Colleague: 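This is the structure I have questions about; it appears just below.
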Number of protein chains: 2
Amino acid sequence: MVAMPGKERLSKERIIDAAARVADRGGINAVTMRQVGSELGVEAMSLYHHVSNKDALLNELSEWLFRKIQIPNVDARWRDALSERAHSASEVLRAHPWGLGMLESRPQPGQSQLRHYDSMMGRLSEAGFSATLATTAFATVDAFVFGFVLTESTLPFDPATGAEQEYADEVGLDESEFPHLARTLGDLFSSGHYSFGDEFSAGLTILLDGIERRLLGE
Amino acid sequence: MVAMPGKERLSKERIIDAAARVADRGGINAVTMRQVGSELGVEAMSLYHHVSNKDALLNELSEWLFRKIQIPNVDARWRDALSERAHSASEVLRAHPWGLGMLESRPQPGQSQLRHYDSMMGRLSEAGFSATLATTAFATVDAFVFGFVLTESTLPFDPATGAEQEYADEVGLDESEFPHLARTLGDLFSSGHYSFGDEFSAGLTILLDGIERRLLGE
DNA sequence: ACCTGAACACCGTTCAAGT
DNA sequence: ACCTGAACACCGTTCAAGT
């Protein structure tokens, strides 16, 4: 048998990459053994020679994604380290929003997560954080990042395009039913350049300020 | 025909309640038309007389869940209002962790969400928040809550039982590979009563302190 | 008006069979 | 050693049929 054109050997790596492409196109529900197989020009059953089942494939996919989050520089000051982690994580998750839906059903922090924890605990303890405060700080920043991207992904407009106002107009919020909300939105848009995406750094700054205050008070 | 024992008339409400029970038992993936039907002693096809399809049912289920989050008292001070919202939301989501997985794939804030936004904007603007700061404050607290419960749900131990140490021992973290992490965990557990669940109020306090600082500085 | 059975195009997974 | 076809028990959904 001659090698077929465009048909390389299967491997775990190629399967995970294919699964990621399928998820990027159609969300996590599109990731079926049959779809991933067809992305590779192969029957679904062939995948079972390289991953033990679908659940294992999803675990690998989750690791694949979280490995993309950058580990902050060893020389970074604590504030930069937390901030870099937050920005890198939010970028990765924004590019692959299906990752959040996976978090809930995947168990266990994987190797890539542990490497992140370890590195961050190193930076923070060097900066004088107690074990407790370091844990709180990291957990809080991570929770904020995950939750923010999750919220963002449910918005009915794309925050990147700044179409917030068009959306609000379109919905035609009932002013008598939601007076406070209507006024707030009016105020936001009257400035002419409100973007929900900016809330990310605003929230992160509030968080880091809160952590700094706690650090100095310890 | 005589009414069958235990077989009341179907209704949208009964279907949503049944779907919630199925999700509580088996997670969101267990919510299939056939499973929900069988929970009600009825064929899957019968459901289509009351909900247009599965997607509509999941939207109703999402509304059902978010309606459970308490709207803070009108007289509450801003800090209490945000704190009550955070605690109520985290309780509801902790009791029904499948709700988070739904957020990502559900579009649109529903009526119950809008009511919350409106009420909170009312409390915050009375307390002197600008529209921008009010939005940032609410978005940040919500992101933190969602993200925290999401993180918590991926932990391999139940934070309510305080079995953190047993887990850490069991994993047998490689001290040479993750030295900082190992030391941090050692410090945490040496106090004898570390509980990850406590990170919630610790993080929330940091957040509220950060918001207060911003409010006074405006 | 409300419920159902059969049917269709999908799933994950097993297993025996091909090369 | 690696891939596949047929099969099984599941999905969501349609549609014609029952009461």
Side-chain angles (χ1 to χ4, degrees), chain A residues 1-62 64 98 101-102 104-107, chain B residues 1-62 64 98 101-102 104-107:
Chain A
M1 275 296 128
V2 194
M4 312 247 320
K7 249 195 177 176
E8 295 155 62
R9 243 166 172 324
L10 272 188
S11 70
K12 197 186 268 191
E13 284 65 38
R14 290 191 63 220
I15 292 175
I16 298 166
D17 284 353
R21 286 195 301 275
V22 172
D24 284 342
R25 274 203 310 269
I28 198 67
N29 287 330
V31 181
T32 68
M33 298 303 271
R34 281 162 159 102
Q35 284 285 314
V36 174
S38 115
E39 174 80 16
L40 292 161
V42 118
E43 297 300 314
M45 304 76 200
S46 307
L47 307 179
Y48 286 85
H49 276 271
H50 302 91
V51 293
S52 52
N53 54 31
K54 187 185 180 182
D55 214 56
L57 172 54
L58 291 180
N59 280 331
E60 300 274 7
L61 188 56
S62 165
W64 176 91
W98 44 266
M102 293 190 58
E104 190 241 325
S105 39
R106 296 302 102 200
Chain B
M1 277 294 127
V2 193
M4 312 251 317
K7 251 197 177 178
E8 296 155 61
R9 239 164 174 328
L10 272 188
S11 70
K12 197 186 266 195
E13 284 65 39
R14 291 191 63 222
I15 292 175
I16 297 167
D17 284 353
R21 287 197 300 277
V22 172
D24 284 344
R25 274 203 311 268
I28 199 65
N29 287 331
V31 181
T32 68
M33 299 301 271
R34 280 162 160 104
Q35 284 284 314
V36 174
S38 115
E39 174 80 15
L40 292 162
V42 115
E43 297 299 317
M45 303 77 201
S46 307
L47 307 179
Y48 285 85
H49 276 270
H50 302 90
V51 292
S52 51
N53 53 30
K54 188 184 178 183
D55 212 56
L57 173 53
L58 290 181
N59 280 331
E60 299 274 6
L61 188 56
S62 166
W64 175 91
W98 43 267
M102 293 190 56
E104 192 241 324
S105 39
R106 295 303 102 198

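Everything numeric here is computed off the predicted structure, so don't read it as measured data. The analysis underlying the following values was restricted to heavy atoms, covering all of them including side chains, and did not include hydrogens, waters or symmetry mates.
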Colleague: Using a 4.0 Å heavy-atom cut-off, does A:Ser46 contact any base of the nucleic acid, only the sugar-phosphate backbone, or nothing at all?
Modeller: base

Colleague: Measure from NZ on A:Lys54 to C1' on D:dC10 and round the result to the nearest Å.
Modeller: 13 Å

Colleague: Any side-chain heavy atom of A:Val36 within less than 4.5 Å of one from A:Val42?
Modeller: no

Colleague: If every non-hydrogen atom of B:Met33 is compared with every non-hydrogen atom of B:Asn53, which pair is closest and at what distance?
Modeller: CE-C, 4.4 Å

Colleague: Atom CG of A:Asn53 to atom P of D:dC10: distance rounded to whole Å?
Modeller: 18 Å

Colleague: Taking all non-hydrogen atoms of both residues into account, name the closest pair between B:Leu47 and B:Gly37 and its distance.
Modeller: CD1-N, 3.9 Å

Colleague: Measure CG/A:Leu40 against C1'/D:dC3 and give the value in whole Å, please.
Modeller: 13 Å

Colleague: Specify the separation, in whole Å, of atom CZ of B:Arg14 and atom C1' of C:dC2.
Modeller: 14 Å

Colleague: Roughly how far apart are A:Trp64 CH2 and A:Asn59 CG, rounded to 0.5 Å?
Modeller: 15.0 Å

Colleague: In residues 17-27 of chain A, which residues come under 4.0 Å of DNA chain D by heavy atom?
Modeller: none

Colleague: Could you spell out the base pairing of DNA chain C as a dot-bracket line? Use Watson-Crick and G-U wobble contacts where both distances are under 3.5 Å, [ ] for crossing pairs, | for partners on a different strand.
Modeller: ||.|||||...|||||.||

Colleague: Has the side chain of B:Ser38 got a donor or acceptor atom that lies under 3.5 Å from a matching backbone atom of B:Gly41?
Modeller: no

Colleague: So, taking the atom named CG in B:Leu40 and the one named NE2 in B:His50, what distance separates them when rounded to the nearest 0.5 Å?
Modeller: 10.5 Å

Colleague: Send over the distance from A:Ile28 CD1 to C:dC11 P, rounded to a whole Å.
Modeller: 14 Å

Colleague: In whole Å, I'd like the distance from the CG atom of B:Leu47 to the P atom of C:dT4.
Modeller: 10 Å

Colleague: On a plain distance test, is the side chain of A:His49 in donor-acceptor contact with the base of D:dC2 below 3.5 Å?
Modeller: no

Colleague: Report yes if at least one side-chain N or O of A:Tyr48 is closer than 4.0 Å to OP1 or OP2 of C:dT13; otherwise report no.
Modeller: yes

Colleague: Output the single nucleotide from D:dC11, C:dG5, D:dC3 whose closest atom is nearest the side chain of B:Glu43.
Modeller: C:dG5

Colleague: On DNA chain D, check which nucleotide each of A:Ala44 and A:Arg34 is closest to and give me the residue with the more 5' one.
Modeller: A:Ala44

Colleague: Whole angstrom is fine here: how far is it from CG in B:Leu57 over to C1' in D:dC11?
Modeller: 15 Å

Colleague: Where the side chain of A:Thr32 is defined as all heavy atoms beyond and including C-beta, which of D:dG12, C:dC3, C:dG12 is the nearest nucleotide?
Modeller: C:dG12

Colleague: Please identify which of these residues, B:Asp24, B:Val31, B:Asn29, meets the side-chain contact (heavy atoms from CB on, under 4.5 Å) condition with B:Trp98.
Modeller: B:Asp24

Colleague: Step by step, work out the salt bridge (Lys or Arg N to Asp or Glu O under 4.0 Å) result for A:Glu39 and A:Arg34.
Modeller: CA-CA 9 Å; A:Glu39 174 80 16; A:Arg34 281 162 159 102; over 6 Å; no

Colleague: In this structure, which one of B:Asp17, B:Ile16, B:Leu10 forms a side-chain contact (heavy atoms from CB on, under 4.5 Å) with B:Arg14?
Modeller: B:Leu10

Colleague: When you check the phosphate oxygens OP1 and OP2 of C:dC11, does a side-chain N or O of A:Gln35 lie under 4.0 Å from one of them?
Modeller: yes

Colleague: A:Met45 near the nucleic acid: base, sugar-phosphate alone, or nothing, with a heavy-atom cut-off under 4.0 Å?
Modeller: base

Colleague: Taking all atoms of both residues into account, what is the closest heavy-atom pair of A:Ala30 and A:Val22, and its distance?
Modeller: O-CG1, 3.4 Å

Colleague: Rounding to an integer number of Å, can you tell me how far B:Asn29 CG sits from D:dC10 C1'?
Modeller: 13 Å

